[in-house]
Amino acid sequence: MRMENSNRTPGQIASEINVIKEQSGKMLLSNAVEIGRRLTEAKELVPHGEWLKWLTESVSYSRSTASRLMKIFREYGPILSSTDGEEGSNGAPVQHLNYTQGIALFGISVEDRDQFIVDNDVGKMSKRELQQTVKVRERTAEEEERREPENQGVQNQEKTEEAADKAMDKPLELIPVERKIIKPKTVPTAQTELPQEDANPESMKYNAQYATHRDTMLSAYGELLKTLVALNRVDPVKKEANRKEALKITTNMAETLKQYPPAIKTNLKIKRTEPGAPN
């Protein structure tokens with residue numbers, strides 16, 4: 001906060017600061033604001049590089065104390081005083097706090113500070129009690145901030161698991177095996193029926209075996225998904241390792257099934273001859 005230019009001197013400002021200090025053994029926050037305002041003003045007037053020397057020789061302040069007082073002015077000045085030093089809002093909760101309490105309340109945001117003072121009756125608190133209360137408030141706020149993304153992640157995971165559970169509860173739709181029924185062909189004008197067309201017994205045998213293995217594979221796949229969902233609740237790292245392994249297995253299976261059995265390849269060159277041609 002930059003102060004307006006004036007004809008005042010650093011020595012005059014130092015004198016005013018020392019008067020305010022003497023008037024209040026227990027410095028009220030409003031007094032700290034006035035000192036902070038004058039320090040801010042002086043810092044703009046003191047030549048560059050001589051600020052610490054001026055603080056030590058003129059008002060007996062360290063750099064850190066002066067910095068805190070100027071921050072007091074920036075934080076509370078607009079509430080407690082006007083630029084000409086007149087008192088501002090007498091009804092403000094911070095009006096009767098002391099310097100130490102004002103420093104402790106830096107840990108509370110400006111928007112929440114007034115309500116915090118009222119809720120905790122800060123004016124009656126000791127320095128230690130107030131510092132402890134502020135620390136608890138800060139720790140609670142930090143925990144809430146950390147927990148918010150975690151809670152969001154848990155909620156998203158719960159939704160995912162719920163959807164997976166619903167999907168697992170739904171019975172898997174098995175692919176029907178088409179079983180061809182061979183009906184005898186008849187000729188209406190013939191007196192006797194033609195013999196029934198023979199079905200391929202080997203084809204029916206292996207087709208039935210395929211259906212059994214297929215249903216077993218689908219059932220096992222469903223159980224595998226359920227297991228991954230359950231494992232994710234107790235050990236997400238192990239779940240992810242198993243998922244990658246299952247993905248690798250199924251990917252290899254899919255690649256193999258693109259053409260199976262594979263075509264037989266040979267290096268032999270077979271000379272084809274036309275029918276009827278001499279050997």
Side-chain angles (χ1 to χ4, degrees), residues 1-4 6 8 13-46 51-52 54-56 58-152:
M1 183 180 296
R2 185 173 180 81
M3 306 299 297
E4 295 181 0
S6 67
R8 290 150 56 80
I13 296 171
S15 177
E16 293 177 355
I17 290 174
N18 288 324
V19 169
I20 296 174
K21 287 170 61 179
E22 292 173 1
Q23 288 176 346
S24 178
K26 183 181 179 182
M27 188 187 301
L28 292 176
L29 189 59
S30 58
N31 288 352
V33 166
E34 290 306 315
I35 292 178
R37 182 163 67 87
R38 286 167 173 78
L39 285 172
T40 303
E41 179 185 7
K43 190 172 184 180
E44 296 179 3
L45 299 174
V46 173
W51 174 240
L52 182 58
W54 183 86
L55 286 174
T56 303
S58 301
V59 293
S60 301
Y61 279 151
S62 65
R63 188 192 300 271
S64 60
T65 299
S67 297
R68 284 195 297 269
L69 286 164
M70 288 189 288
K71 185 174 181 180
I72 284 275
F73 167 60
R74 293 193 300 271
E75 293 271 338
Y76 299 103
I79 302 174
L80 296 182
S81 66
S82 59
T83 55
D84 59 1
E86 295 179 357
E87 289 190 353
S89 174
N90 291 323
V94 300
Q95 182 69 36
H96 303 292
L97 299 181
N98 60 40
Y99 166 76
T100 303
Q101 291 169 332
I103 294 293
L105 289 174
F106 283 162
I108 305 298
S109 66
V110 176
E111 296 79 7
D112 299 334
R113 195 172 289 158
D114 284 352
Q115 191 61 46
F116 179 85
I117 294 171
V118 174
D119 292 345
N120 295 278
D121 199 7
V122 171
K124 297 181 180 180
M125 280 186 173
S126 66
K127 175 183 176 181
R128 184 174 182 179
E129 289 173 338
L130 178 56
Q131 289 175 337
Q132 184 64 29
T133 303
V134 172
K135 285 182 180 179
V136 171
R137 166 70 176 266
E138 290 176 335
R139 186 162 55 246
T140 302
E142 291 175 358
E143 289 174 354
E144 287 297 326
E145 289 179 0
R146 289 196 301 267
R147 193 159 35 233
E148 184 174 349
E150 293 176 0
N151 289 340
Q152 186 65 36

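Everything numeric here is computed off the predicted structure, so don't read it as measured data.
The side-chain heavy atoms of Ile13 and Arg8, taken from C-beta on, include a pair separated by under 4.5 Å. No side-chain heavy atom of Tyr61 sits under 4.5 Å from any side-chain heavy atom of Arg68. In this structure, the side chains of Arg137 and Asp112 come closer than 4.5 Å at one or more pairs of heavy atoms. For the pair Asn120/Leu130, no side-chain contact is recorded, criterion being any heavy-atom separation below 4.5 Å from C-beta on. Between Phe73 and Leu39, the closest side-chain pair of non-hydrogen atoms is not below 4.5 Å. For the pair Trp54/Val59, a side-chain contact is recorded, criterion being any heavy-atom separation below 4.5 Å from C-beta on.
Between atom CD of residue Gln115 and atom CD1 of residue Ile108 there is a gap of 12.0 Å, rounded to the nearest 0.5 Å. One finds the CG atom of Leu69 at 11.0 Å from the CZ atom of Arg74 (value rounded to the nearest 0.5 Å). The distance from atom CD1 of Ile72 to atom OG of Ser67, rounded to the nearest 0.5 Å, is 12.0 Å. Note: Glu111 CD to Phe116 CZ = 15.0 Å, rounded to the nearest 0.5 Å. Taking OG1 of Thr40 as the start and CD1 of Ile35 as the end, the distance is 11.5 Å to the nearest 0.5 Å. Rounding to the nearest 0.5 Å places OG of Ser60 at 7.0 Å from CG of Asn18.
Nearest heavy atoms, Ala66 versus Trp51: CB-CZ2, 4.3 Å. The two residues Ser62 and Leu55 make their nearest non-hydrogen contact at O-CD1, 4.0 Å.
The pair Glu34-Arg38 meets the salt-bridge criterion, since a charged nitrogen lies less than 4.0 angstrom from a carboxylate oxygen.
The closest donor-acceptor contact from the side chain of Tyr76 to the backbone of Leu29 lies at 3.5 Å or more, if one exists at all.
Shown here are the side chain to side chain contact (heavy atoms under 4.5 Å, CB included) partners of Gln131, two or more places apart in sequence or in another chain: Ala104, Lys127.
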